[in-house]
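Within every chain, numbering begins at 1; the chains are lettered A, B, ... in the order of the sequence lines, protein sequences first and strands thereafter.
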Amino acid sequence: MSLQHRLLLAVLGWLSVVTVLHLWLNTHVLDRSSSSKVHDGQQFRVGFLPVT
Amino acid sequence: MSGDGTFEPVRFNGWPELKEAFLSRYLEASFILAPMAMALREQGVPIKIVYLGHRDGTAMIVHKDSTIQRIEDLRGKKVAVPNRFSNQRLIIFRAFKQRGLNMNDVTLLEMPPPDMPATLQVRAVDAIISGEPFMAQAEMAGYGRVLFLTKDVWPEFISCVLAVHEDTIRDQRGQVQRLVDGIARSGKWLDQTMDHRMQAAQFAGQQYYNQDPKLLEFVLSKPPDRVKYTNLTVRRKDFEEIEDIGRDAGILQGTARFGDYADPSFVSDEASIQPYRWEATP
């Protein structure tokens, strides 16, 4: 395998890892537990500021 | 008084952080500034206002030794407001317009409400305006004087609204209904007697706000209509007035109308709401 191929594979691998991490951590697309929690009514977060 | 744990109140100290938490879906619902919710809808965020947090409950405070005695005296002064997209900013715009002034006559500084009392105390600003209890804090401490209460300048003033993601309404309508019912029934209970307000000051101060109950007692009683927790239904005419003023003030575009950003269906008849039957145990 040439150096060019190895570099290409490394870049593609890196992109895949970053993409999966982004989907999991930022968009929660792969996070089944968080979506099921909401639908089970276990968590319903309500934001507020301590004003009136 | 405690809930069943389904709803988790999450406290923030500034509006920008709260807005980001809502947009990132960390929060299913949030109390948020009314014009901010309307502006988010204009920007394409699928948000719906389903109920109000309270009515009135905002004051403008100046330093006790200030020469500012009336709204016209704010010309050339520095005023702290909670956010560009707040009705506290719009009430200044509205009051100025009624008096022939414009917003170039005053310098507005955006500031988290908890920071406002200290800023006034050291006279870094000439006036502060926000929801209570931070305004009463300056008054109680002795260095602040009320210039006006919103009830005297813009009666039935709306500051915070309960906003929910549109898909949360679709997927968890029952939960949203329970939340709205709880707020509505608590509000009716609060406004039933002064004794209820004093009880609420104790548990809200200690368990939710982490504030001195005496400060909340002050807010809820001096005068008793300083803040109101009834009549919280989302009414079209109130929001169309905010739309008009917001457009005039340049913070709203007018591209989202009442039907876009509001869903008043959770309380169809305010009179039918029954207050909680709860009394504090001695």
Side-chain angles (χ1 to χ4, degrees), chain A, chain B residues 4-15 17-19 21-22 24-33 53-58 82 112-114 130-135 159-160 162-164 168 171-172 174-176 178-179 183 204-205 208-211 216 219-220 226-229:
Chain A
M1 189 181 285
S2 69
L3 178 63
Q4 200 174 8
H5 275 123
R6 275 189 220 158
L7 274 174
L8 186 63
L9 281 174
V11 168
L12 286 175
W14 173 248
L15 274 176
S16 304
V17 168
V18 168
T19 303
V20 169
L21 283 173
H22 172 68
L23 289 173
W24 177 39
L25 296 173
N26 296 332
T27 69
H28 305 287
V29 165
L30 308 176
D31 190 356
R32 287 184 186 175
S33 59
S34 71
S35 60
S36 65
K37 267 184 199 169
V38 167
H39 288 288
D40 291 346
Q42 295 301 307
Q43 274 187 316
F44 194 106
R45 295 191 192 97
V46 184
F48 74 102
L49 249 68
V51 285
T52 38
Chain B
D4 58 8
T6 303
F7 299 106
E8 181 187 348
V10 183
R11 178 183 157 146
F12 293 81
N13 282 324
W15 293 109
E17 303 93 297
L18 179 143
K19 183 184 84 174
F22 183 80
S24 71
R25 307 302 306 252
Y26 179 72
L27 303 170
E28 273 74 44
S30 185
F31 289 99
I32 191 169
L33 297 163
H54 55 91
R55 282 189 183 266
D56 296 312
T58 283
S130 151
E132 298 290 6
F134 300 105
M135 304 301 98
S159 174
C160 294
L162 178 66
V164 185
T168 303
D171 300 337
Q172 303 182 72
Q175 291 288 67
V176 178
R178 284 182 59 216
L179 180 62
I183 296 165
Y208 294 99
Y209 280 25
N210 192 25
Q211 286 164 341
L216 300 188
V219 168
L220 293 170
R226 188 173 184 133
V227 53
K228 297 194 286 281
Y229 296 96

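- For B:Leu220, no part lies near chain A; criterion is any non-hydrogen pair under 4.5 Å.
- Counting heavy atoms from C-beta on, the side chains of B:Phe31 and A:Leu49 never come closer than 4.5 Å.
- Nearest heavy-atom pair across A:Phe44 and B:Gln172 is CD1-OE1, 3.7 Å.
- Heavy atoms only, all atoms of each residue included: B:Gly131 and A:Val51 are closest at O-CG1, 3.8 Å.
- The list of side-chain hydrogen bond (donor to acceptor under 3.5 Å, both in side chains) pairs with a residue in residues 3-14 of chain A, not counting sequence neighbours, reads A:Ser2-A:His5.
- For the set B:Ala163, B:Gly14, B:Ala204, the count of heavy-atom pairs under 4.5 angstrom toward chain A peaks at B:Gly14.
- The parts of B:Pro9 that come within reach of chain A are both its backbone and its side chain, each placing non-hydrogen atoms under 4.5 angstrom from that chain.
- In this structure, B:Arg11 contributes its side chain and A:Pro50 its backbone to no donor-acceptor pair below 3.5 Å.
- With salt bridges taken as basic N to acidic carboxylate O contacts below 4.0 Å, one links A:Arg45 and B:Glu8.
- Contact of B:Glu17 with chain A is not made at all, since no heavy-atom distance falls under 4.5 Å.
- Residue contact with chain A, scored on non-hydrogen atoms closer than 4.5 Å, involves the side chain of B:Leu18 exclusively.
- There is no contact between B:Phe22 and chain A, counting heavy-atom distances below 4.5 Å.
- Legend: residues meeting side-chain hydrogen bond (donor to acceptor under 3.5 Å, both in side chains) with B:Arg226, ordered by chain and number and at least two apart, are B:Glu132, B:Glu139.
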